[in-house]
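Order of the sequence lines sets the chain letters (A, B, ...), proteins ahead of strands, with each chain counted from 1.
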Number of protein chains: 2
Amino acid sequence: MKSFIDVKPDSHFPIQNLPYGVFKLKIGSEPAIGVALGDYIVDLTVLEKKGFFEKTNLGNERVFNRSSLNNFMSKGRQTWRQVRTVLQTALSDENPLLRYDEDLKKIALVPMEDANMCLPVEIGDYSDFYSSKEHATNVGSMFRGKENALMPNWLHLPVAYHGRASSIVISGTEIKRPSGQVKLGNSDSPVFGPTKLLDFELEMGFLIGPGNSIGKPIPVDKAYDHIFGIVLVNDWSARDIQTWEYQPLGPFLAKNFATSISPWVVTMEALEPFRVTGPEQEPEPLQYLKSKGDQAYDIKLEVSLTTQNQKKPFVISKSNFKYLYWNICQQLAHHTINGCNLRTGDLLASGTISGPAKDSYGSMLELTWRGENPIKLPSGEERKFLHDGDTLTISGYCRGDGYRVGFGEVSGKILPAN
Amino acid sequence: MKSFIDVKPDSHFPIQNLPYGVFKLKIGSEPAIGVALGDYIVDLTVLEKKGFFEKTNLGNERVFNRSSLNNFMSKGRQTWRQVRTVLQTALSDENPLLRYDEDLKKIALVPMEDANMCLPVEIGDYSDFYSSKEHATNVGSMFRGKENALMPNWLHLPVAYHGRASSIVISGTEIKRPSGQVKLGNSDSPVFGPTKLLDFELEMGFLIGPGNSIGKPIPVDKAYDHIFGIVLVNDWSARDIQTWEYQPLGPFLAKNFATSISPWVVTMEALEPFRVTGPEQEPEPLQYLKSKGDQAYDIKLEVSLTTQNQKKPFVISKSNFKYLYWNICQQLAHHTINGCNLRTGDLLASGTISGPAKDSYGSMLELTWRGENPIKLPSGEERKFLHDGDTLTISGYCRGDGYRVGFGEVSGKILPAN
């Protein structure tokens, strides 16, 4: 499959992908929903007006002239597939309808450089899992020793906690270094000040399409029907604040100052060719967590850093979404097994995705092993944790045959504390 | 001050109170905002149409014909006070305007029995504190022994965690017993089933008026300006699920199946006469947590239980909001000190409010001391935790001179698991 739009082989956005996002024109415009294609945004409000989606379940309903994807996401998989088929057909190099309609192309194809991306989804609740065995083991080893690295519950359930929805920001938003209470060394009392141990967490998150009613769990074999797509997530963390505050109720201010997500939501349809078998699960999960088939996805992830002196992005980690022990269907089934209701637009993130190798860890905490082994940059600088002025970027893609299905990136620059 | 509407001395809703809520007529109607007065709801959409609020900051804006209080809550204290003055004047027995306008009274005064109450606020994020020293000490003693009851951080900061907003329900909503993983005794593996240790938590929560921008903390001496009012909260908890899941990231499925709140939001203006000095804080809090003046409130709280055989509500606990160690201004200042943004409608709950006496504890866990001392009901039944069919009700009020400023109640009946 090929589009009449020229798409470079290493582009994240070929016709096989078509991720959804919300954009505004830099010259000023209402927010609108589009899909990414090469270096263009296909403005779906234009196609919608022209009746392109009339034969889908959408009929004449306008769902794309909105400031979030929520309405479209609530429609369900059948509609998503119909719209995808319409788009792939219309954008194909074999279809003359749009290809040779210069007037329509002029308004429907927006160069990416002319637009700013907005938060694509209105996120009601944000839950963050802890589903990488390597990450949980690394962190556990540091704080409790290798013997007791994994908590007794870890292999039996996908551990998770509630995050903060209000402070989820779009890629590119600058992140102010948070201040808070930390306890230094053997001092009896805490002191107040900017975090000294500012970290990133390499994560991905999936977004809920149709939700469930309170009291009605979603079985693991129906979970997929409720998942619209996936984004990159950076769960910024202040490790010194976290260490002092997190007992006994979990992380709070160490995390809720900001969480960044990528602007393009890659659909499960686009990810379908990249399903792979996940890690073996031993002990066998309880019945409600038993998922069938290949529920992992081969998504190559990369973390890079630029600093005041290191202008060229320096790759500090390469990981993969497929390393996750608990898959997204298991996460969703677990989240609702007690009757908890998910709503359209809710974000369920993976937790830090660390791989088995030392250069595949998903946080500074692990990469530098609590600062013991600083990262050396080509500029000559060293990093134990993030400095003011640093920019941390996560990117990810799946490798197809001659094309990539990519997520673009999620990026954030650190600003000094107040 | 007295209203021309007859209000019984033990009513929670005299003219001194005027709490806000959202209601629908049982015969069918759009949701509307009203204030409670005696056994009536004053329909503010009617007064608004008649121009009662024209001379307030609201001018001609319609804010009461809505399904939530959020818009009105975003206006700020000056507007809230103006509207309160207008209402107290209009409803006073000294004012003939409404008192003798039978036609207007007929449409503006809705008997409470003719209406159903709705969730009053659209809650974006829900945070739950852990601010009762007695509660934290009780729970800590049970699980870690008396010597280590309080975590080292507890006296230095108001510990909190993120709760689930989607499953916050209005008083009267029935609560289905949740199922989940629990680990029994010395077994190696967990089993799946309905919780056997279903509990309530006696809490109150305050609701955010104007919020703050991300990166801009709200200082403790400005915190009050951001607080609209207070409701009763029951943070239902499944203790066996909690024990197994909560390490290391805090409670999740043990809590997020449901949280109930009372329908009437009592404003800070109505609570003003009931300010009292809070507990002494030793060690002295860090500068950003130092609050001045009387920041506690004398709100009498009562928990009662009815069962299949115990039809008459049996009081199982009497506590008071004033026992809380950390006050609401400190909670708010702490929540934002890292730059976390609060939005209009956010709910910040207190955590379980236990008092010093054994009959003032705010959960079954504490009242029965993990089930060791079951509660004996007059019906002859015993309770360690909640049974199917039980109804748990929390009520609360402040005692004025010849009147009460009350919160009504938050109530929920337990339904069997699926």
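Contacts with chain B were tallied for A/I214, A/N418, A/N153, A/I175; A/N153 has the most, counting heavy-atom pairs under 4.5 Å. Top candidate by heavy-atom pairs under 4.5 Å with chain B, chosen from A/G163, A/P251, A/G180, is A/G163. Of the listed residues B/Q247, B/Q181, B/R343, the one with more heavy-atom pairs under 4.5 angstrom with chain A than any other is B/Q181. Contacts with chain B were tallied for A/G339, A/P190, A/P178; A/P190 has the most, counting heavy-atom pairs under 4.5 Å. Listed options B/R177, B/H156, B/K176 were ranked by heavy-atom pairs under 4.5 angstrom with chain A; first place goes to B/H156. Comparing B/Q287, B/H335, B/K216 by how many heavy-atom pairs each has under 4.5 Å with chain A, the most go to B/H335. Considering only heavy-atom pairs separated by less than 4.5 Å from chain A, the leading option among B/G140, B/P152, B/P194, B/A136 is B/P152. Taking A/G215, A/A160, A/G124 one by one and counting their heavy-atom pairs under 4.5 Å with chain B, the maximum is reached by A/A160.
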(Q) Run the salt bridge (Lys or Arg N to Asp or Glu O under 4.0 Å) test on A/D240 and A/K196 for me, step by step, so that the C-alpha distance in whole Å, both residues' side-chain angles and the decisive distance to 0.1 Å come before the verdict. (A) CA-CA 7 Å; A/D240 40 4; A/K196 291 195 170 70; over 6 Å; no
Q. Taking it one step at a time, do B/D235 and B/R164 satisfy salt bridge (Lys or Arg N to Asp or Glu O under 4.0 Å)?
A. CA-CA 11 Å; B/D235 182 30; B/R164 176 92 193 165; over 6 Å; no
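With 3.5 Å as the limit, one finds a donor-acceptor pair spanning the side chains of B/H334 and B/Y288. Using a 3.5 Å distance cut-off with no hydrogens or angles, the side chains of B/S237 and B/K255 do pair a donor with an acceptor. A donor-acceptor pair shorter than 3.5 Å can be found between the side chains of A/E366 and A/N138. Using a 3.5 Å distance cut-off with no hydrogens or angles, the side chains of A/E201 and A/T352 do pair a donor with an acceptor.
The contact between B/L289 and chain A is made entirely by side chain atoms (from C-beta outward), counting heavy-atom distances below 4.5 Å. For chain A, the nearby part of B/P217 is the side chain; its heavy atoms alone come within less than 4.5 Å. B/L286 touches chain A through its side chain: at least one heavy atom from C-beta onward sits under 4.5 Å away, while N, CA, C and O do not. Only the backbone of B/V191 comes within contact range of chain A, with at least one heavy atom under 4.5 Å from a heavy atom of that chain.
Considering B/Y130, B/F129, B/W154 in turn, B/W154 is the only one that fulfils the ring pair (Phe, Tyr, Trp, His ring centres under 6.0 Å) rule with B/Y325. When A/N341, A/T336, A/N338, A/D125 are each tested for a side chain to side chain donor-acceptor pair (under 3.5 Å) with B/N256, only one passes: A/N338.
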